[in-house]
Amino acid sequence: MPRRPSLSPLIVANWKMQLGVAESAQQATALKEQRRGLKSRSQVVICPSFLSLAGVKKALRGSDMELGAQDVFWDDRGAYTGEVSPINLRELGVEYVIIGHSERRQLLGETDSMIARKIISALGHGLTPILCVGETAHERNDGRQEMVVVRQLTNALKSAPPPAGHGRLYVAYEPIWAIGTGEPASAEQALAMNDVIRQALLDLYSQPQVETSFRTLYGGSVNPGNVCDYVGPKAFHGALVGTASLEPATFVTLINNIDQGFSVKRL
Ligand code: PGA
């Protein structure tokens with residue numbers, strides 16, 4: 001499937017552990033049906049559970065939507081009970097991988113150094129990483145949000161080469177207090193962090209590398225009504241969507257709104 005030009009917004013559906021295996025395939029089929037015939041500027045990535053990847057891949061056949069995983073292990077193979085190899089993901093047709101989601105950091109003890117290894121592994125296997133960063137409410141109340149995000153980003157990327165060739169790395173700013181709460185960050189808060197992230201990337205890589213290979217996403221209670229506050233040519237390059245990606249009609253409306261918002265803002 002040819003990639004759209006680099007200006008295309010990226011919209012990532014994170015289905016988490018919300019849907020069954022058969023249900024995920026049905027959902028993907030419903031999305032494909034609802035998007036049939038629509039001219040979209042957006043690149044859409046569906047991230048179902050590991051067990052649902054094969055069924056969703058099959059269901060998406062013939063559509064322009066791509067497949068993502070919600071995590072990846074850092075080694076290719078070995079005695080790692082329960083882990084999932086990047087090689088297996090590639091075998092299933094996975095193109096993107098979410099790394100360091102706050103639910104994994106908080107509930108499963110994922111550390112910055114584990115995340116750094118996963119990023120290197122994903123890049124090495126041609127998977128496009130979606131690195132999640134974001135502060136807790138407590139950290140924001142203390143005024144430490146920028147420090148926390150820069151630390152997470154720097155620790156995750158300091159040993160990583162810039163993505164090779166046409167490869168990309170997406171940094172998703174997801175304030176933890178905005179995830180699944182229906183209380184998104186304000187556009188002002190989110191865009192301020194977008195600048196911080198860009199500066200942190202410039203501290204690690206050259207300007208041409210950052211401009212070519214890095215993009216940012218916003219995530220945290222994104223819905224069809226607010227998505228255009230975050231995504232645009234001078235704002236985030238796309239969105240990471242949880243709850244609002246679970247209902248096909250809502251998700252399709254969200255994508256349509258970005259498409260329209262993007263073209264309006266670009267005039
Ligand atoms: P949400 O989830 O859209 O339900 O807030 C976003 C995420 O966790 O990636």
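Computation of the quantities below employed the complete heavy-atom set of this structure, encompassing side-chain atoms and omitting hydrogens, waters and symmetry-equivalent molecules. Indexing begins at 1, ligand by ligand and atom by atom, following the structure's order.
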Residue G180 vicinity, atoms of ligand 1 by number, heavy atom under 4.0 Å: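 Checking each atom against G180, I get 1 (P), 4 (O), 5 (O).
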Atoms of ligand 1, numbered as shown, that sit under 4.0 Å from any heavy atom of N14: 9 (O)
Donor-acceptor under 3.5 Å (D259 side chain, R41 main chain):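 Yes, D259 side chain to R41 backbone: donor-acceptor pair under 3.5 Å.
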Result of checking N14, L217, I98 against C132 for side-chain contact (heavy atoms from CB on, under 4.5 Å):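 One option only clears the test, and that one is I98.
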A178 and ligand 1 - part of the residue with a heavy-atom distance under 4.0 Å: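 Backbone only.
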Part of T243 within contact of ligand 1 (heavy atoms, under 4.0 Å): both
Residue pair L157, F214: steps toward the side-chain contact (heavy atoms from CB on, under 4.5 Å) verdict: CA-CA 12 Å; L157 298 181; F214 293 85; 4.3 Å; yes
Sub-4.0 Å heavy-atom contact, A244 with ligand 1: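 For ligand 1, residue contact (heavy atoms, under 4.0 Å) with A244 is absent.
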Sub-4.0 Å heavy-atom contact, G219 with ligand 1: no
side-chain contact (heavy atoms from CB on, under 4.5 Å) between L38 and V252, intermediate numbers included: CA-CA 10 Å; L38 289 179; V252 169; 4.0 Å; yes
Salt-bridge present (R77, E83; N to O < 4.0 Å): no
R140, H138, E139 screened by side-chain hydrogen bond (donor to acceptor under 3.5 Å, both in side chains) with T136, the one that passes: E139
Polar proximity ligand 1 side, G242 side, N/O cut 3.5 Å exclusive: yes
